[in-house]
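Worksheet for the structure shown next.
All values derive from a computational prediction rather than experimental measurement.
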Amino acid sequence: MHIPTWDLDESKILTRSELAAVLAIAPWSANQRRNRIIVRLACCCGLRVSEIAALRMDDVIIGVPRPHLRLRRETTKGKRPRNVPLWWDAGTLAELGAWKAQREEDGGGDPDPFVCSVQSNRRGESIQRAAICQRFLSACKVPGANRLRKLTIHRGRHTFISHALAGGRTLPEIRAAAGHTNIAVTSVYLHIAVDDQERVGRLFDLA
């Protein structure tokens, strides 16, 4: 089986401090809150843009011992349903839970899109994949323009897998959460560094 290691350039994922900086900014508008939800779904849950667009309100299962996202067969790559744990990260669970509560307060029901327009004339309506990609980048401006040029929403999925492995989740757990068909695909991410490399090393100073 060919494993696409070419797509796992560690310079194209958000490091720990970069992701923390993005999530540390308190959203002051509905637009910023929605953008942050997109970041959470991509970087903290590993969803593809098509899965974010297709996620419904009743796919966000909260208030149970193991809260999770339900990815339906018709919305996933390869038509393989999966559950994505939300109990792995309290911040993600809290933010997605608060967003769902607000959506319900605004009249959103079970079949309605979880990620939606917040414009007054289209509030609650679904948004296109291209718009979701742009909203992701809008929320990730903190690391600067040079870093932003290397990021895409799919790099958010790589960020999730890499950070989950670095955080101690097991390969089988992450394989299931990411929906990989082969654990060898998941294992490639073991070699991706998520810590920041801010200091210049002394690799060849042997004295």
Quiz item: Taking 4.0 angstrom as the limit, do R129 and E51 come out as a salt bridge?
Solution: no

Quiz item: Would you call D110-R56 a salt bridge at under 4.0 Å N-O?
Solution: no

What's the spacing between [X] [atom1] and [Y] [atom2] if we round to 0.5 Å?
X	Y	atom1	atom2	answer
I38	F114	CD1	CZ	10.5 Å
S138	R36	OG	CZ	14.0 Å
S50	I132	OG	CD1	9.0 Å
C45	R157	SG	CZ	11.5 Å
R82	R72	CZ	CZ	12.5 Å
S126	D112	OG	CG	9.5 Å

Taking [X] for the side chain and [Y] for the main chain, is one N or O donor matched with an acceptor at less than 3.5 Å?
X	Y	value
R103	M57	no
R147	V142	no
Q32	W28	yes
K141	L148	no
R70	V60	no

Quiz item: Should we say atom CD of Q128 is surrounded by more than 12 heavy atoms from elsewhere, each under 6.0 Å from it?
Solution: no

Is there a path from [X] to [Y] through hydrophobic residues (I, L, V, M, F, W, Y) whose side chains come within less than 4.5 Å of each other?
X	Y	value
I174	L86	no
I52	I61	no
L55	V118	yes
F160	L96	no
L41	L151	yes

Side-chain contact test, heavy atoms from C-beta onward, threshold under 4.5 Å: evaluate it for [X] versus [Y] and give yes or no.
X	Y	result
E125	C116	no
I161	H180	yes
H158	K12	no
R48	I153	no

Self-check item: L71 and its side-chain contact (heavy atoms from CB on, under 4.5 Å) partner, picked from D59, L47, N83
Solution: L47

At their closest point, which heavy atom of [X] faces which heavy atom of [Y], and how far apart are they?
X	Y	answer
C140	L14	SG-CD1, 4.4 Å
V115	I127	CG1-CD1, 3.8 Å
T152	F136	O-CE2, 3.3 Å
R40	T92	NH1-OG1, 3.0 Å
N31	R135	ND2-NH1, 3.6 Å
I13	R155	CG2-O, 4.3 Å

Exercise. Could you go through the side-chain contact (heavy atoms from CB on, under 4.5 Å) check for L165 and R169 one step at a time?
Key: CA-CA 5 Å; L165 283 168; R169 308 312 307 194; over 6 Å; no

Exercise. Show the numbers, then the answer: is there a side-chain contact (heavy atoms from CB on, under 4.5 Å) between C43 and L23?
Key: CA-CA 11 Å; C43 295; L23 297 176; over 6 Å; no

Self-check item: No-hydrogen, no-angle side-chain donor-acceptor test under 3.5 Å, W99 and E95
Solution: no

Exercise. Assess whether side-chain contact (heavy atoms from CB on, under 4.5 Å) is satisfied between E104 and K100, documenting all intermediate values.
Key: CA-CA 6 Å; E104 290 173 337; K100 182 173 182 178; 3.4 Å; yes

Quiz prompt | Qualifying residues under side chain to side chain contact (heavy atoms under 4.5 Å, CB included), relative to P85, sequence neighbours excluded | solution = W87, W88, A177

Quiz prompt | Residue pair R33, Q102: steps toward the side-chain contact (heavy atoms from CB on, under 4.5 Å) verdict | solution = CA-CA 11 Å; R33 285 190 68 197; Q102 184 62 57; 3.8 Å; yes

